[in-house]
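Okay, so here's the structure we're looking at.
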Amino acid sequence: MAEVTLEDVNKVYAGDVVAVRDMNLDIQDGEFIVFVGPSGCGKSTALRMIAGLEDISSGKVFIGDNVVNDLPPRDRDIAMVFQNYALYPHMNVRENMGFALKLKKMDKDEIDRRVSEAARILSIERFLDRKPKALSGGQRQRVALGRAIVREPKAFLMDEPLSNLDAKLRVQMRTEIGKLHNRIGVTTIYVTHDQTEAMTMADRIVVLKDGVVQQVDTPQVMYENPRNVFVAGFIGSPAMNFMRARLEKENGGYVASFGRTRIPSTAPRSARRGEGLGPRGLRRKGRRPRDTPGAHRGRHARRGRGHGRDERPNTVEVQPQVIESMGSEKYLYFGLPKEQAVHLDSVAEMTGDAGGDADGAGSADDFDEMLVARISAESQARRGQGVLLSIDASKIRLFDAETEQAIL
């Protein structure tokens with residue numbers, strides 16, 4: 001096993017197309033780290049530079065104490081698992097798994113020992129004499145993992161290895177890969193576009209956008225304290241809601257206001273130091289859909305649009321446009337009327353149980369954008385009926401409207 005370090009690594013293609021920009025990263029010995037981001041963000045390119053499958057335009061890549069920029073892939077002592085399995089169709093499972101060792105002219109008894117041990121770990125002993133065409137997708141992926149394990153490399157590199165599997169099998173294979181890492185403890189770099197895979201598998205996550213590292217942190221820290229709006233919107237399911245808000249002083253404290261709703265907020269450090277709040281005091285605030293302590297029944301609010309609202313603090317009345325039942329919970333999609341969102345530059349997510357019978361859902365053109373709340377599966381909320389959501393103000397995250405950086 002070994003540490004993997006990237007120092008000021010860049011990848012520029014012809015035509016000055018920058019795929020990776022100034023990437024600095026220290027991956028610890030035995031760590032499971034996940035590169036995640038949208039298509040074209042540079043995550044696979046970064047992995048391929050570590051593997052030696054892409055040339056590095058500038059910077060250095062270390063595996064252990066050695067700079068490997070000029071080493072071919074076979075000399076880097078890494079093993080790569082690909083999205084499409086890359087198995088030899090004319091070889092059986094045993095031959096596929098041991099082929100790299102055979103090329104190294106390793107003793108046959110040692111090859112058999114390593115293949116048998118890897119097959120036992122992956123529960124594929126009974127498939128050793130089958131050809132790849134006789135295996136399911138999940139079984140082929142296990143063979144690809146086994147081929148990597150038998151090499152006993154310093155690091156595993158995995159490029160979206162589960163993307164060809166169906167949803168149920170992906171969940172199963174996530175668990176298997178996690179168990180495998182816990183058992184053998186090899187440094188692992190895993191690339192995916194699926195933030196759920198990143199959250200459930202990683203010791204640390206590296207979020208990339210347009211070739212630039214946005215944040216490196218543990219899953220929980222990244223979820224609770226995203227560094228900028230992009231990370232806040234990318235990590236978490238459902239994604240964090242974004243709303244424009246004005247941060248204002250009130251009674252010796254601060255409130256984030258959007259339309260008629262005013263929510264007490266912790267002042268950003270810049271405000272406490274007496275610095276400006278930016279143009280017109282605008283901020284973006286963020287909040288996870290799970291962070292609403294509860295939603296009040298519509299009967300407690302004055303019914304219908306245009307008839308006022310409940311006077312309790314930290315609440316907002318909405319009319320659901322879509323309600324999705326997920327079995328254990330429901331997702332409630334709604335829009336804030338444009339007149340309520342006009343002063344808002346913040347990110348908020350609201351959740352809770354809700355109900356009511358207010359009339360008037362409003363058309364899509366009446367709303368600024370669709371937001372989502374995670375509510376109880378037992379909720380009696382109905383499409384088009386008034387729902388009063390309460391907001392846990394301590395969970396709000398504030399972002400600068402211009403730079404999109406977190407300001408707390």
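Positions are given from 1 along the sequence.
A donor-acceptor pair shorter than 3.5 Å can be found between the side chains of Q380 and R382. With hydrogens and angles left out, the side-chain atoms of E224 and Q220 include a donor and acceptor closer than 3.5 Å. For the residue pair D8 / N24, a side-chain donor-acceptor distance below 3.5 Å is found, with atom types taken as modelled.
Partner of N228 under the side chain to side chain donor-acceptor pair (under 3.5 Å) criterion, out of E404, Q214, K209: Q214 alone. When the options D194, L208, I205 are evaluated for a side chain to side chain contact (heavy atoms under 4.5 Å, CB included) with V36, the one that passes is I205.
How far CD of E95 is from CD1 of I111: 11.5 Å, rounded to the nearest 0.5 Å. Rounding to the nearest 0.5 angstrom, the gap separating the CD1 atom in I27 from the CG atom in D203 is 11.0 Å. With rounding to the nearest 0.5 angstrom, the CG atom of L169 is 5.0 Å from the CG atom of D166. Taking CE of M222 as the start and CZ of R227 as the end, the distance is 8.0 Å to the nearest 0.5 Å. Between I323 atom CD1 and Q385 atom CD the span is 8.0 Å, to the nearest 0.5 Å. Note that the CD1 atom of I189 and the CD atom of E31 stand 9.5 Å from one another [nearest 0.5 Å].
S116 places no side-chain N or O within donor-acceptor distance of the main-chain N or O of R113, the cut-off being under 3.5 Å. Side chain of T175 to main chain of V171: a donor-acceptor pair is present (N/O by atom type, distance under 3.5 Å, no hydrogens or angles). Judged purely by atom type and a 3.5 angstrom limit, T188 uses its side chain to pair as donor or acceptor with the backbone of V186. At distances below 3.5 Å, at least one donor-acceptor pair connects side-chain atoms of R114 with backbone N or O atoms of V150. Under the 3.5 Å distance criterion, the side-chain polar atoms of N69 are matched with a main-chain donor or acceptor of V61. At least one donor-acceptor pair under 3.5 Å links the side chain of T200 to the backbone N or O of T196. A donor-acceptor contact shorter than 3.5 Å links the side chain of K330 to the backbone of S379. Counting only distance, with no hydrogens or angles, the side chain of D22 and the backbone of V212 share no donor-acceptor pair below 3.5 Å. Although no hydrogens or angles enter the test, the distance criterion places no donor-acceptor pair under 3.5 Å between the side chain of E248 and the main chain of R246. At least one donor-acceptor pair closer than 3.5 Å links the side chain of Q215 to the backbone N or O of N225.
A198 and T192 make their closest contact through N-CG2, 4.3 Å (heavy atoms, listed as atom of the first residue, atom of the second, distance). Closest non-hydrogen pair, Q139 versus A134, comes out as OE1-O, 4.5 Å. Here the closest non-hydrogen pair linking A119 and L128 is CB-CD2, 3.9 Å. Shortest non-hydrogen contact noted between P153 and A148 is CD-O, 3.6 Å. The nearest pair of heavy atoms linking G146 to A118 is O-CB, 4.1 Å. Contact detail for V20 and G42: the closest heavy-atom pair is CG2-O, 3.7 Å.
Residue pairs meeting the salt bridge (charged side-chain N to carboxylate O under 4.0 Å, His left out) criterion with at least one member in residues 43-55, sequence neighbours excluded: K11-E54, R48-E54. Pairs of residues two or more places apart, or lying in two chains, that qualify as ring-ring contact (aromatic ring centres under 6.0 Å, His included) and include a residue from residues 61-88 are Y88-F99. A ring-ring contact (aromatic ring centres under 6.0 Å, His included) check over residues 112-169, counting only residues at least two apart or in different chains, returns nothing. Screening residues 18-60 for ring-ring contact (aromatic ring centres under 6.0 Å, His included), with sequence neighbours left out, gives F32-H181, F32-Y190. Applying the salt bridge (charged side-chain N to carboxylate O under 4.0 Å, His left out) rule to pairs touching residues 125-146 yields R94-D129, sequence neighbours excluded. Sequence neighbours left out, not one pair with a member in residues 69-83 passes salt bridge (charged side-chain N to carboxylate O under 4.0 Å, His left out).
Inter-residue side-chain proximity for V143 and L87 is flagged as met; some heavy-atom pair is nearer than 4.5 Å. Residues L145 and M158 are in side-chain contact: their nearest non-hydrogen atoms beyond the backbone lie under 4.5 Å apart. Looking at heavy atoms from C-beta onward, I63 lies out of side-chain contact with T5 at the 4.5 angstrom threshold. For the pair P132/N96, a side-chain contact is recorded, criterion being any heavy-atom separation below 4.5 Å from C-beta on. Between M80 and L53, the closest side-chain pair of non-hydrogen atoms falls below 4.5 Å. Using a 4.5 Å heavy-atom cutoff, the side chains of V216 and R204 are in contact. Looking at L389 and V318, their side chains come closer than 4.5 Å, going by heavy atoms from C-beta outward. Counting heavy atoms from C-beta outward, E197 and L162 have side chains that approach closer than 4.5 Å.
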Evaluation steps, side-chain contact (heavy atoms from CB on, under 4.5 Å), between F334 and Q319: CA-CA 6 Å; F334 59 95; Q319 281 81 35; over 6 Å; no
Worked verdict on I50 versus L157 for side-chain contact (heavy atoms from CB on, under 4.5 Å): CA-CA 8 Å; I50 296 170; L157 308 182; 4.0 Å; yes
Chi angles and distances behind the side chain to side chain donor-acceptor pair (under 3.5 Å) call for N10, S57: CA-CA 6 Å; N10 290 271; S57 299; over 6 Å; no
Check against side-chain contact (heavy atoms from CB on, under 4.5 Å), L371 and F242: CA-CA 8 Å; L371 307 177; F242 293 84; over 6 Å; no
Criterion side-chain contact (heavy atoms from CB on, under 4.5 Å) on Q195 and M199, from CA distance to verdict: CA-CA 6 Å; Q195 58 92 17; M199 291 290 290; 3.8 Å; yes
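K108 has a carboxylate O that lies under 4.0 Å from a charged side-chain N of D112, or vice versa, which qualifies the two as a salt bridge.
Using cut-offs of 30° and 60° for the angle between ring planes, the Y331 and Y333 rings count as perpendicular.
Shown here is D65, whose CG atom has no more than 12 heavy atoms of other residues, nucleotides or ligands within 6.0 Å.
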